[in-house]
Amino acid sequence: MRPHRWLLHLHDQLPAAAAGRDPRAVHQLRVAAARLRVWLELAGLRVLRDDLRWLRDAAGPVRDLDVLLGRTPPPAWNAWLRERRSVARARLAAALATPRPAALVEAFSRLEPVPEPTARRGLGRALKRVRRRGRAAEEAPSCLDSVHRLRRALRRLRYASEWLGGRPKALRRLQEELGELNDRDQALRLLEAWPDRDQLSDERERLLAERAERHAAALEAWRRAEPKLEELA
Amino acid sequence: MSLELFVVRHAIAEERAPSKEDASRALTERGRERFAQGVRGLARLGLSFDRIDHSPWLRAVQTAELLAPRLERAGRTRVSAGLAAAPSRELLDGLGAGRVAVVGHEPWLSELVALLVSGDAGHGAGFEMKKGGVAWLEGEPRPGAMTLRALLPPRALRRLA
């Protein structure tokens, strides 16, 4: 039986992500792991989730730094970020050199197919979760974490729809809109972690203003999309 | 570094067939039901796990899935290629501390028990791990440094349920 395309996607990203020079490979590794997580949810499986989280957690810091460095931060901060990325890349390479990723791919390659009715019930659960998290984000409009949880739920809904053959472009755009908020949030966290951050108080103010803008835009995009959610999925 | 280790042989699986790779053999319906009963027996003994390691072979993945309700709230599962091979130094070094279940295959599980209890994997023939059975060990995850606390055959676990 030919491996599922989502599993092939993960398998194909591993060497380039381990080599550490291609930011797209690290990003695609995380995308592949997120999709496979949805596979497990649709199948109702508990096993293998922690292995996928381990993979995403190893790649996450590299990805966040790649995104920020792609926006050409101020020179003084840039050097510190590059150093931090080298460390993160080395940790990711070490993780990918263990037997665990290959064992994960093997385990997935042997799983039995998910029956369509089971997957559709999973899609239904994913939709309910998005609605719940959307309500929570609207009820606490100043809470960033609520929007991040909504974004993650939207991502899982989108992948569940894709599993069933859907092409939810509008969901993807909505997810990306919320992703812009996440990028600003990550940038601020990295700035707060820099020992010399006081040098860049203007940059901090700029990022805070952008984050506030993106937060408002994310909530507005959600409010527009919410009534049409079922057709989007 | 104290470890309580539960060595679990996978539940009853499909017979070998030329058309199917050994590693892709699934549990039978009977295997699932019987093991699920055995898991209820483990619950009656008050046993839960910080972590479940399992081989990547399908019957071990499925057995670990049936065991997963016995995970502690913050418990984790972990796929381990070392559980689809003879016991190695790397496998022992990765066991850690706490209450850990490992799900794998014969003859390697018997070899693992023998290695941990007597220091010699070659004594594995002296242990019989039935499908769905559990060996409960305690001590440090080094050759000869663990004590066999109990050998729980699947029938006994089902009777406890």
Side-chain angles (χ1 to χ4, degrees), chain A residues 1-4 6-8 10-11 13-15 18 29 32-60 91 94-115 118-119 121-122, chain B residues 8 10-11 13-14 19-29 31-32 35-36 39 49-85 88-91 93-94 100-105:
Chain A
M1 191 169 67
R2 186 175 161 70
H4 192 277
W6 284 7
L7 183 58
L8 284 173
L10 174 69
H11 175 265
Q13 303 312 314
L14 286 169
L29 181 72
R35 284 200 173 118
L36 292 174
R37 171 80 156 83
V38 169
W39 173 347
L40 296 175
E41 285 181 359
L42 294 177
L45 290 174
R46 169 66 182 84
V47 289
L48 304 177
R49 290 189 192 197
D50 297 319
D51 302 287
L52 290 172
R53 178 163 50 191
W54 168 82
L55 204 54
R56 279 181 61 83
D57 286 351
R91 285 197 183 126
L96 296 183
T98 66
R100 196 170 177 182
L104 177 61
V105 169
E106 181 181 358
F108 263 100
S109 74
R110 302 192 187 283
L111 291 179
E112 295 177 315
V114 184
T118 305
R121 283 193 295 273
Chain B
V8 182
H10 63 79
E14 295 166 332
S19 56
K20 199 172 219 182
E21 273 188 272
D22 182 37
S24 293
R25 288 194 288 132
L27 298 185
T28 62
E29 198 49 48
R32 286 176 188 272
F35 189 75
V39 172
F49 310 112
D50 300 312
R51 200 177 76 241
I52 300 171
D53 288 354
H54 60 86
S55 111
W57 293 7
L58 181 58
R59 54 195 185 274
V61 172
Q62 291 176 325
T63 302
E65 179 67 27
L66 290 167
L67 196 53
R70 298 313 307 154
L71 274 171
E72 289 287 342
R73 195 177 162 80
R76 298 279 180 262
T77 70
R78 187 171 69 176
V79 66
S80 169
L83 286 166
S88 64
R89 180 59 187 264
E90 287 75 24
L91 179 68
D93 287 348
V100 175
V102 295
V103 184
H105 314 268

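Letters A, B, ... are given to chains in the order of the sequence lines, protein chains preceding strands, and every chain is numbered from 1. Being a predicted model, the structure only gives us computed values, none of them experimental.
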**Request:** Apply side-chain contact (heavy atoms from CB on, under 4.5 Å) to A/Ala107 and list each qualifying residue two or more places apart in sequence or on a separate chain.
**Result:** A/Leu48, B/Pro56, B/Val61, B/Val79
**Message:** Under 4.5 Å from any heavy atom of chain A, what part of B/Leu71 do you find: side chain, backbone, both or neither?
**Reply:** side chain
**Message:** I'd like to check the ring-ring contact (aromatic ring centres under 6.0 Å, His included) partners of B/Phe35; sequence neighbours left out, ordered by chain and number.
**Reply:** none
Please report all inter-chain donor-acceptor pairs (under 3.5 Å) between chain A and chain B, with distances to 0.1 Å.
{"from": "A/Arg46", "atom 1": "N", "to": "B/Glu65", "atom 2": "OE1", "distance (Å)": "2.8"}
{"from": "A/Arg46", "atom 1": "N", "to": "B/Glu65", "atom 2": "OE2", "distance (Å)": "3.0"}
{"from": "A/Arg46", "atom 1": "NH2", "to": "B/Gly75", "atom 2": "O", "distance (Å)": "3.2"}
{"from": "A/Val47", "atom 1": "N", "to": "B/Glu65", "atom 2": "OE1", "distance (Å)": "2.9"}
{"from": "A/Asp50", "atom 1": "OD2", "to": "B/Thr77", "atom 2": "N", "distance (Å)": "2.8"}
{"from": "A/Asp51", "atom 1": "OD1", "to": "B/Val79", "atom 2": "N", "distance (Å)": "2.9"}
{"from": "A/Asp51", "atom 1": "OD2", "to": "B/Val79", "atom 2": "N", "distance (Å)": "3.4"}
{"from": "A/Glu106", "atom 1": "OE2", "to": "B/Trp57", "atom 2": "NE1", "distance (Å)": "3.4"}
{"from": "A/Arg110", "atom 1": "NH1", "to": "B/Glu21", "atom 2": "OE1", "distance (Å)": "3.4"}
{"from": "A/Arg110", "atom 1": "NH1", "to": "B/Ser24", "atom 2": "OG", "distance (Å)": "2.8"}
{"from": "A/Glu112", "atom 1": "OE1", "to": "B/Gln62", "atom 2": "NE2", "distance (Å)": "3.3"}

**Asked** Checking B/Ala64 against chain A: side chain, backbone, both or neither under 4.5 Å from a heavy atom?
**Response** both
**Asked** With only heavy atoms counted, which part of B/Ala84 is less than 4.5 Å from chain A, the side chain, the backbone, both or neither?
**Response** neither
